[in-house]
Structures are given as C-alpha cells and as structure tokens.
**Student:** 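Quick one: the structure is below, and I'll ask about it shortly.
Values reported hereafter were calculated over all heavy atoms of this structure, with side chains retained and with hydrogens, waters and symmetry mates removed. Sequence positions, counted from 1, serve as the residue numbers for this chain.
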Amino acid sequence: MPLTWTTEAPPPRDGHTGRPAWSREDAWSYLLALGGVAAAIALSRLTWPYFDRTPFVLLFGAAFVASRWCTETASVLSIFLGAVGAGLMAPPGAPPAFDTPALLTFVGASLVMNRFVVGRNRTEAALRESEGQFRAAWDNAAFGAALLTPTGLIARINPAMERTLGYPSAAWAGVPFSYFCPSADPSEERARFTALMEGAEEWSQREQVFRRADGASIWCRVTISAIGAGAERGGTTGALMVLEDVTERRQAEEALRASEDHYRRIFHASPEAMWVHEPETGRFLAVNRTAVARYGYTQTEFLALSIHDLYLQEDWADVDRHAANDSGERTAWRHRAKDGRLLDVEVESNPVPWGGRTARLTLITDVTERRALEERVRHSQKMDAVAQLAGGIAHDFNNLLTSIQGYSELLLAQMGPDKPMTADLHEIHTAAIRAAALTQQLLAFSRRQRLDVTVIDVNAVVARLGQVMRRIIAEDIEIEVVPGVGHLQIKADGSQFEQMLMNLVVNARDAVRAPGGRIWIRTRREEFLGETPARLSFMRPGSYVVVEVEDNGCGMDTVTQARAFEPFFTTKETERGTGLGLALVYGIVQQCGGQIDVDSQPDRGSIFRVYLPWTNEPSRTEANPFGSVGLVGTESVLVVEDDALARVFVAQVLRRYGYRVREAAGPDEALGIAGQPEVPIDLVVTDVVMPRMSGLELGVTLQSQRTGRLPVLYMSGYSNEALTQRGMRTDFAALLHKPFSPTELLARVRRALDAN
C-alpha cells in the first residue's frame, strides 16, 4: 500500500490489555449499531409483502455499515440482533422470512464480511498511527533527512535538512544528493548507492563536505540506509539519508589536533630536557629530543626506564619524599647520564592530564656549566683575595728588604774579605736576596710583579729550556719537546715565562713514577673566533699560543684540581714542596692576560694548558737604560718617604757619596721644607704611595713652587697596576722599583741630575 499523509491521530490504547479504551466514540459506535438494527427491522416489516428477501438485503447492509463504521463488538452484535429481530418482528400470517439454511448462510456471510472489514479497519488505523508517528518524527527531527528513490534521486526532505543547507524544498526534488557535495565523486557515489540497493550492504556512513546555499562549506556525517521489503521479497523501494552537521566537532577536533601538534613541537623543540612520567611508578611515558641527546639514551631505552634510573641511589629516598609533597617548585639534583657523566640539574615538575589519568610533566635544566662557572668565579675571587693579601705583604717586605739588602751591601763594601764579620754579612745579604726573590714570587702570584714585557719567541725559549730541563730532571724520566708550526710569539716578561715553564715541568716531574715516566712539552697556535669554551670562559675571542705540559703520572681527582693553584696547597711531602709553584704559574699567566686549564684523572696523568695572547709584533733588543754614569755628587737632594727604614737607608747612601740630603716623613713636611727659599733643592726622591698626597702630586706641586727645572725621582714597591691607577706610567724613566741596591740608587740619582 503506498505511503499517504494523514492528519488523523491514532486511537488511544489501553496499556494493560492492548484493547481500545472505553471512550465517547465507543458509545456512539454502539448507538449507531443499534440504530441500524432498528432501521433494518422496521424496513423489513414494512416491505416484506413486496420483497420477499428484503430482510436479507437490509440486514446485510446494516451489518456492513456497522462493521465499517462501528467497533467489532458492536457490528457482530448488530448482525445477531438484526437476524433475530427480522424473524420475530414479521407480521402475523406472513411466511417465515428466514429459513434455517438461509439464516446460517446470512450469519456466516456477515461474520466473514465483518472480519474482512474489521481487519481492514485495523490495518488502516495502524497505518494512520504509524504515519502520524513518522510524520511527527520527520518534521521534528534534529538532523536533516531525505527520502531517496531507488535510482538515488531525492524524493522528499524534512525541515531540518532545509535548515541545515539552506536550500528550499523545491531545489531538492529530483536531484542526487551529491549535487550539494562538491567533494563527492558522482560515479563513486552511484556505485556505492547501487551496492546498497542490491543488498550488498545494509547501510553506509561517512563524513563529507557539503556546500550551503550561502556558499559556506560545512562538514556533515552522511548515513544512508535502504528501506523497503528487502531484496528477498522483491527489492528495496528507496533509501533514507540522514545528514548531521559535524562542522563544530570537526573544527574542535582540528583545533585539538593543532594544539596537540603545537605542544608536541614545543615539547620536542625545547632546548631543555623534558619528560612525562607516572607519579606512582616513575615510569617514563614520553621524553623529548633534548633529553635523549643530553642523557644518551634512545627513545626506546628511555621508555623502559624510570626516573630513579637517572638519580643517584643515595638520593632515591629524598626523590620519593619530594615527589609525595611536590609543590611544583624548582629543586636541585644530580643526574647520571648513560655514559656515567654526572649532571647538575634543576628540576620542576607539574601535573598534566595524560590518557585519562594524571601524569607529571618535568622540566630539567642542565646547570652543569653554570655551576662550573660559578665555582670558577668563586675560585677566582678567593685567589684574588689571597693575591691582595700577598701583594700587601710583599709591598711591606720591599721596604724592609730595601734597608736590609742596602745596609748589608754598604757594610760589605767597607769591610775587607779578611774581616771576621764579612762572612756573616754575606749570609745576611744572601738571605735578603732570597727574601726579595720570595717577595717577587708573591707579587707574581698576586699579578702585581713588575714586568719587563718584550716579544718572546715561544718555540725558541722552549727549545733552549728543554736542554736545561733535561739536566734537572732525572735520567730515567723522558722529556719530549714538540714545537708548533709557525711564529709563536707572545708579549710577556721573559724571566717570568721561563719561571712559569720550569715550575710546570718540575710539577710534572714530581707526579711521574720513574722509570717509565714521560713528560711532553708541546706548543701550538689556536684560534677562538666565536665563543670560547666554558672551561675558558674568562678568555676573549682571538688568537692564542698554547703551551702544553703533559705527564703520565699519578694525576689528580676533582677535589685536588679545584685547589691546585691555591698558595701553600700541596699533596707532596713537606720537604719536597712549599705549594707556591702552581700558584706562581697561575699569577704569571693571569698577569700576561692568559688562562690556564687542567685536564687530569687519577692514575691517568695530567695536562696543563697555558693560553697566552699571540702577537705579530717583531722582537727587539733594548739597550742598557742607565748607560755609563758616575755614583758621587754634591747636589742637594730632598728624600720624601713615609717608611722610616727606607727613608734613612736612602739618605745615608746619598750622604756617603757626597750628596747633601734633607729628609721628609711625608708630603706635608716636604712642602714645608720646599717653602723655605733659602733651602736649595736640586732633586726630589719621593715614594709614590703616601698618605694624603701621592708622590706624583707632590712632584707636580714642588715643580710649580720652585723656579727653574726641578727633577723628581720616584720610588715604589707597588705593582704596575697600582701605579697605573695613580696616574703613573710604568715605563717612566724616573721610576725606581723597590727593593734596589745602593749602586742602582746612586746611578739613577746621578742620571736624573745630569739630565737636568
């Protein structure tokens, strides 16, 4: 039966019995049946004389009407009442209207007719009910729907379909749905629909892009199901297509995928190591590329580990305790890489959702180089503090040694070799010289030693010292000198450079075990065009000459390396070293603007690399700055020195050689003497560093007060750096460095006077 639309509502049903519930319509049905019976009886009584079978006709018609329009019970009741009434209500003397066969035939025919008509009524009622339900579902469906013909053309759409794509109903009729789907292949869609109609599949579903009437494109999920009797009963009668707009969901999924891809890229591109792990077991769930590169494990190896495999075993308890009370704060730990390297790290962990559960996202910052740099800075600051102390002590010693060395030299000049005290004076003078050498070492360590800077050919010095060192080192220790290629020149104090190299070789000699001990001395040139390595972080980019001293001795652990350059620190026996050798090397290298690096491991030897700035200046030989001068004189000299011992020594030396000397204990006293016009002053000998006024300022003031040219000879036991800070040129000819001998003092005084 073809589908038709109806506006009639289906009759209500009793939920318990399944029969129609008693209603006003049922009452009218019974009244209508009784009225039909009464009418049939009345007509039979009036017309029987004229039509012998009239009761049959009338009652059959009444039964048909009752079965068509009344309920089943009412129609059956009307049949029996009509038959009985027609027989009972016949006029007296009339022939029987119904004989027995006729009555049975009538009742049977009526019942068959009633059953057929009632069944038809029920089918029509059920159809009307189904059509009503379908109509309500069709019109009120949230998703768009369309009925398709067996050939795949659109026969009808619901309102939701019209709202989804915006096309009016007239635009849909008779066209394939692929017309509204620009991404669909018509031939492919026809083949798929044909397979559906032929029963190859019950339904098909996919997501495609549809074009709206306003030109916009939307994503829809298309579900097509075959409808009809089925292939086994004559084939399908069409298909039902349901269209669900999934644009927002697709956009949300795309945004989610883009977000996940974005964060995945950030995760893997992060310059810091990152990983995700389970809080309960510590098992790794994901690691980024930086973590793989930093720790040396592959992705597969990482995912088979837990975070405990990276921590030191002694820290496991603290790690678990911290994880239980983790507040997301950054904490410091030590991790072990696959190759055994220890890394100083800072760890920050926070909870993140992961596959329906909570995991921990951990950021690991490698601070190994920063900690090493901080340690280097602390070590440098410590060394600077010690150097300042050593420099201050050395300055005071210079004043004392000036007097001791000078007086002993004067006494030796006065006494002959046969005098009993001559030997004792020689010992005093020798001790003073040794003390002066020790003071120079302290100044070298503190980078305050006076330097005679020249251009040095490193290969030439190393080759010359190699011969000397072979005589110093034991015969069963082999020394190999490997000079570098090219002109390896530096600007440094030659004696200090030689002393530095000798100390490194002696240190290597004490570390090797004879026989079989070997020492290598290598030189080369190395360029640092960009950033320098972390271990040489204080060096500027440029060209450097590298002097490398290597041995195959006992080596050093990390603790010993950290203190190797501290003054008076040594691992040798008391009688074998004072601990100043490497400290002196450190000071000389720093004073030359270079840096020293150590690479050592226990029982695997040590390598000391000294980096000194390379220069392309030509070397030159300087003449004697003093020349040939006399020592005696008769001029008037003003000696200004705040240290009493040094002042008295200078004054006595000058007086012994004929000079007239005035002494001043400070700038104020010197200005008072110079302010007396009657006091002659031919030369001022003054200390540079004094309270309230420097020697340089005093010299300028005295020269402005006196008419004519007044020469000034300056004395100082301070370093070049300290003098430069006070405005003094360190290559100034009128500068006399302490300690000095009487001969040097007299020569410099004579030269200053003669130049004037």
**Student:** Taking all non-hydrogen atoms of both residues into account, name the closest pair between Pro742 and Phe649 and its distance.
**Tutor:**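 Pro742 and Phe649 have their closest heavy atoms at CG-CZ, 3.9 Å.
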
**Student:** Salt-bridged, Arg524 to Glu548, with N to O below 4.0 Å?
**Tutor:**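 A salt bridge is present here (some side-chain N lies under 4.0 Å from a carboxylate O).
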
**Student:** Which pair of non-hydrogen atoms, one from Leu683 and one from Val712, has the smallest distance, and what is that distance?
**Tutor:**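 Scanning both residues, the minimum pair turns out to be CD1-N, 4.1 Å.
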
**Student:** Go through the steps to decide whether Arg706 and Ile681 satisfy the test side-chain contact (heavy atoms from CB on, under 4.5 Å), and finish with yes or no.
**Tutor:** CA-CA 9 Å; Arg706 288 276 173 163; Ile681 301 177; 3.6 Å; yes

**Student:** If you look at every heavy atom in Ile519 and Val505, which pair is closest and at what distance?
**Tutor:**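 Taking every non-hydrogen atom into account, CD1-O, 4.1 Å.
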
**Student:** Under 3.5 Å, is there a donor on one side chain and an acceptor on the other for Tyr657 and Arg750?
**Tutor:**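 Result is no, nothing qualifies.
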
**Student:** For side-chain contact (heavy atoms from CB on, under 4.5 Å), just list the numbers for Gln705 and Leu671, CA-CA rounded to whole Å, side-chain angles, deciding distance to a tenth of an Å, and then say yes or no.
**Tutor:** CA-CA 9 Å; Gln705 290 180 355; Leu671 291 174; 4.1 Å; yes

**Student:** Any side-chain heavy-atom pair from Tyr659 and Glu635 closer than 4.5 angstrom?
**Tutor:**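 Counting from C-beta outward, Tyr659 and Glu635 do come under 4.5 Å.
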
**Student:** Can we say Arg647 and Asp687 salt-bridge, meaning some charged N sits less than 4.0 Å from an Asp/Glu carboxylate O?
**Tutor:**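 No, no charged N to carboxylate O under 4.0 Å.
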
**Student:** Taking all heavy atoms of Ser600 and all of Met556, pick out the closest pair and write down the distance.
**Tutor:**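 Nearest heavy atoms, Ser600 then Met556: OG-N, 2.8 Å.
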
**Student:** For the pair Arg522 (side chain) and Val547 (backbone), establish whether a donor and an acceptor sit closer than 3.5 Å, ignoring hydrogens and angles.
**Tutor:**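 No, because the side chain of Arg522 does not come within donor-acceptor range (under 3.5 Å) of the backbone of Val547.
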
**Student:** With sequence neighbours excluded, tell me which residues meet side chain to side chain donor-acceptor pair (under 3.5 Å) with Gln601.
**Tutor:**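 Side chain to side chain donor-acceptor pair (under 3.5 Å) check on Gln601 returns Arg604.
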
**Student:** Does a side chain donor of either Thr634 or Arg660 reach within less than 3.5 Å of an acceptor in the other side chain?
**Tutor:**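 No.
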
**Student:** Any donor-acceptor pair under 3.5 Å linking the side chain of Trp520 with the backbone of Asn552?
**Tutor:**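 No, the answer is negative, given that no donor and acceptor are paired below the 3.5 Å cut-off.
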
**Student:** I'd like to check Arg692 versus Asp668 (side-chain heavy atoms, cut-off strictly below 4.5 Å). Are they in contact?
**Tutor:**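 Contact flag for Arg692/Asp668 side chains = yes.
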
**Student:** With side-chain contact (heavy atoms from CB on, under 4.5 Å) as the criterion, how do Val549 and Leu501 come out once you've worked through the C-alpha distance, each side chain's angles and the decisive distance to 0.1 Å?
**Tutor:** CA-CA 8 Å; Val549 178; Leu501 186 58; 4.1 Å; yes

**Student:** Identify the two heavy atoms, one from Ala651 and one from Glu663, that lie closest to each other, and give their separation to 0.1 Å.
**Tutor:**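 Looking at all heavy atoms of both residues, the closest pair is CB-OE2, 3.4 Å.
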
**Student:** Return yes if a side-chain donor-acceptor contact under 3.5 Å exists between Glu527 and Ser543, otherwise no.
**Tutor:**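 Yes, side-chain donor-acceptor contact under 3.5 Å.
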
**Student:** With sequence neighbours excluded, tell me which residues meet salt bridge (charged side-chain N to carboxylate O under 4.0 Å, His left out) with Arg662.
**Tutor:**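 If we apply the salt bridge (charged side-chain N to carboxylate O under 4.0 Å, His left out) test to Arg662, skipping adjacent residues, there are no hits.
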
**Student:** For Gly593 and Pro613, work out which heavy atoms get closest and say how close.
**Tutor:**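 The answer is O-CG, 3.6 Å.
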
**Student:** Can you tell me if Asn459 and Thr523 form a side-chain donor-acceptor pair at under 3.5 Å?
**Tutor:**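 A donor-acceptor contact under 3.5 Å links the two side chains.
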
**Student:** Assess whether a salt bridge exists between Lys738 and Glu744, defined as any Lys/Arg side-chain N lying under 4.0 Å from an Asp/Glu carboxylate O.
**Tutor:**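 A salt bridge is absent here (no side-chain N lies under 4.0 Å from a carboxylate O).
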
